[in-house]
Structure formats: C-alpha cells, structure tokens
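For reference, the structure discussed in these notes is given below.
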Amino acid sequence: MRRKVIAGNWKMYKNRDEAISFIYEVSSQVPSKDQVETVICAPAVFLRDLVKREGEDLRIGAQNMYFEDQGAYTGEISADMLTSYGVEYVVLGHSERRGLFFETDELINKKTKQAIKKGITPIVCCGESLETREAGTTEAFVSKQIIAAYEGISKEEALKTIVAYEPIWAIGTGVTATSEQANDTIKMVRQTLASLYDQDAASQIRILYGGSVKPANVEELLAMSDIDGALIGGASLDPQSFITLAKAGLKS
Ligand code: PGA
C-alpha cells in the first residue's frame, strides 16, 4: 500500500508573513502523517521560519538544491544547508528549472544522488511538452528522463525517492491531463522503474501527478490505480484549498 503524498509547490510566490500565516492555519488541519504525507515546498528563504512551525503532519520541503557538498557556487544551496534546518524533501528537475534555468538530465541525476546521500527525499520531476505529446512520443521522452534521473542509483536508494509526473502543457494552464492520460503515463513510468530495478521497487515508489490539480479534480485523479498523490502549484497557495487537497488524500 503506497501512502499518498500531497505536496504543494509554492514556486516564487508569497512573502514571509503570508508564508508563516499559511503554516499556522494549515498545519493542524491536514490529515495525520500516518495516513497522508503532506508537504509544502517553499522558497528557500522561508525554510527556517516554516520548519520551526511545521508541526508533525505538515512537512517542509525545498524547491531546488545543488549537488556539490560545498564550494564557490554563488547563489546555490547545499543539501547540508537544508538538513541543518530540518528540511526533509526537495523538488528536483521541475520543468521550470529544466526550461528556464537549463537544467539537464545529468544535473538532475547528480542532485538526486546527493539528496539521497544526505537523507533528503527527492521529488524527481518528469513530463513532456505539448509538442512531444502531439508527436506521440510521450512514452519514449518520459521514460528517457526517468532512466537518466536514476542512472547509478541502487534499488535501495530508489525506494527513498518520489517521482512527480507533470506534463508541461498542464502546468499553470488550467488544462489538466485527464485522469486516464495521467494514469497511463504514470503506469508507464512505473514500468520504466520496474525495468531499471524490479517489480517490487516499482510497486513501492510513489508517483505523483502534477499540472492544474485543484480541489475540483483531485479526488478523481487520486482514485486512479497508479496515481499516488499530487504536486500542486497554484492551488497550494490558498490555505483552505490546500487543506481540501490534503484531505482528499484520505479518500482514495
Ligand atoms: P500547477 O503547477 O498546479 O499550478 O499547474 C504544478 C507544478 O508546477 O508543480
């Protein structure tokens, strides 16, 4: 049984006061962590303030980190910096990082390895563009991303990761993949993981869907056989909306 994960991705939104008041309002209202893993991935500058107030059932994650232990990497944040604040999750390889900040599969693989080594749960993102979907090459494209992200990672390590399938055409557009489209691609990601490791690993690794998830569609998505949770941008910014999304994790 794969425990559901409901993860908010705040991107570059909110100021400090808004971030803190969100956590105060939400942390006592999300489901118990034994039932649903609920995470807010916040801008790095808020992490210290938020971790202090996160509570048992609402955990705080980062949106990015660098793969080196330390060094002359102006503007970057290391895994040790995150763990020193008690941060337990990090989003890696989000399509905005890939597209706007030129992150490659190879870089994402290095970051994934570093997160695992340092005891941070990576939420490894994959997903195709509209052109790729229309060309009918989604499976080949997404499975290549997964194979590259997990290069050199053992089964034992892979079990510590979470995957997020986020079709780029559905992110922030209001267009959600249908639950069947999302489930079919996620099944294919699971098959790719089975081919890299084995069926046992593939049946344990949680795979989330992301892309215009909101209270109105979350239950249908989470009811699908292979969708183990959601990575949510826009609809994670409002406290009541996020509470509804987290509670939806209890129903499926
Ligand atoms: P969205 O973003 O929910 O606003 O579409 C999802 C994401 O980018 O993680």
Side-chain angles (χ1 to χ4, degrees), residues 1-11 26 29-33 35-41 57-59 61 63 89 91-96 121-130 132-134 138-139 141-143 145-146 161-193 202-252:
M1 192 51 198
R2 298 183 294 265
R3 192 159 39 122
K4 292 274 189 297
V5 180
I6 301 293
N9 171 16
W10 280 356
K11 309 192 180 187
V26 169
Q29 294 197 59
V30 295
S32 147
K33 67 175 182 335
Q35 293 169 289
V36 182
E37 234 168 283
T38 309
V39 187
I40 285 288
C41 298
D57 300 322
L58 178 65
R59 313 308 287 185
Q63 298 175 7
Y89 298 81
V91 177
L92 295 178
H94 190 279
S95 61
E96 287 150 19
T121 302
I123 301 175
V124 181
C125 300
C126 60
E128 81 288 359
S129 66
L130 187 59
T132 302
R133 173 139 306 248
E134 284 175 347
T138 296
E139 293 208 355
F141 183 86
V142 173
S143 79
Q145 284 182 322
I146 293 293
T161 70
I162 294 170
V163 177
Y165 165 62
E166 301 202 302
I168 298 168
W169 47 271
I171 296 178
T173 57
V175 180
T176 322
T178 65
S179 41
E180 285 76 21
Q181 276 173 326
N183 200 51
D184 285 352
T185 312
I186 286 176
K187 266 190 188 157
M188 185 280 299
V189 170
R190 213 177 284 293
Q191 275 161 19
T192 304
L193 291 168
S203 65
Q204 288 188 59
I205 295 173
R206 271 89 54 88
I207 310 178
L208 318 184
Y209 167 75
S212 297
V213 177
K214 42 190 180 275
N217 60 22
V218 66
E219 285 182 28
E220 185 187 332
L221 288 159
L222 296 186
M224 301 305 286
S225 63
D226 283 69
I227 303 181
D228 303 322
L231 181 59
I232 306 137
S236 74
L237 293 168
D238 175 75
Q240 289 306 318
S241 161
F242 187 71
I243 291 165
T244 306
L245 292 162
K247 286 185 175 163
L250 290 170
K251 297 191 186 152
S252 43

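The figures that follow rest on heavy atoms only: side chains count, while hydrogens, waters and symmetry mates do not.
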Interatomic distance, CD1@Ile205 vs CG@Leu193, rounded to 0.5 Å, equals 4.5 Å
* Asked: Taking C-beta and beyond as the side chain, do Pro122 and Ile162 meet within less than 4.5 Å on heavy atoms?
  -> no
dist Leu245:CG -> Gln240:CD (nearest 0.5 Å) comes out at 11.0 Å
Smallest heavy-atom separation, Val36 atom then Gly249 atom, equals CG2-C, 3.6 Å
Between Lys187 and Ser225 the two heavy atoms that sit nearest each other are CE-OG, 3.8 Å
How about Ile171 and His94: do any of their side-chain heavy atoms sit closer than 4.5 Å? yes
| task | Start with the C-alpha distance between Ser212 and Val175, add both sets of side-chain angles, then the distance that settles side-chain contact (heavy atoms from CB on, under 4.5 Å), and finish with yes or no. | result | CA-CA 6 Å; Ser212 297; Val175 180; 5.5 Å; no
Ile168 and Gly127 have their tightest heavy-atom pair at CD1-O, 3.9 Å
| request: Take atom CD of Gln35 as the centre, draw a 6.0 Å sphere, and report whether it contains more than 12 heavy atoms from other residues, nucleotides or ligands. | output: yes
| field | CA sep, side-chain torsions, deciding dist, call: Ile123, Asn9, side-chain contact (heavy atoms from CB on, under 4.5 Å) | value | CA-CA 11 Å; Ile123 301 175; Asn9 171 16; over 6 Å; no
inquiry  = Is it true that, when you exclude Glu220 itself, more than 12 heavy atoms of the residues, nucleotides or ligands shown sit nearer than 6.0 Å to its CD?
reply    = no
- prompt: Just checking, is any N or O donor in the side chain of Thr38 or Asp57 under 3.5 Å from an acceptor N or O on the other one?
  reply: no
- prompt: Judged by atom type as modelled, is there a donor-acceptor pair below 3.5 Å linking the side chain of Asp184 to the main-chain atoms of Gln181?
  reply: no
Do Ser241 and Thr244 meet the criterion of a side-chain donor-acceptor pair at a distance under 3.5 Å? no
Residues Pro31 and Lys247: closest non-hydrogen pair is CG-CA, 3.9 Å
| query | With a 4.5 Å heavy-atom cut-off, do Ile207 and Asp226 have their side chains touching? | reply | no
dist Glu37:CD -> Ser32:OG (nearest 0.5 Å) comes out at 11.0 Å
To the nearest 0.5 Å, atom CG of Asp238 lies from atom NZ of Lys214 at 14.5 Å
With a 3.5 Å distance limit and no angle check, can you tell me whether Gln63 reaches the backbone of Lys11 through a side-chain donor-acceptor pair?
yes
In this structure, CD of Glu96 is separated from CD of Glu166 (nearest 0.5 Å) by 8.0 Å
From the list Glu128, Glu139, Glu180, Arg133, side chain to side chain donor-acceptor pair (under 3.5 Å) partner of Thr185 resolves to Arg133
- Message: Gln191 vs Ser143, test: side-chain contact (heavy atoms from CB on, under 4.5 Å). Steps then yes/no.
- Response: CA-CA 9 Å; Gln191 275 161 19; Ser143 79; over 6 Å; no
For Phe242 and Leu58, what are the C-alpha separation, side-chain angles and deciding distance, and is it a side-chain contact (heavy atoms from CB on, under 4.5 Å)?
-> CA-CA 11 Å; Phe242 187 71; Leu58 178 65; 4.0 Å; yes
Smallest heavy-atom separation, Ile146 atom then Cys126 atom, equals CD1-SG, 3.8 Å
query = Can you find a heavy atom in the side chain of Thr138 that is under 4.5 Å from one in the side chain of Met188?
reply = no
Between Asp228 and the options Arg3, Arg190, Arg206, the side chain to side chain donor-acceptor pair (under 3.5 Å) test singles out Arg190
One should read off an interatomic distance between Ile227 CD1 and Leu221 CG, to the nearest 0.5 angstrom, of 5.0 Å
Nearest heavy-atom contact between Ala170 and Tyr209 is CB-OH, 3.5 Å
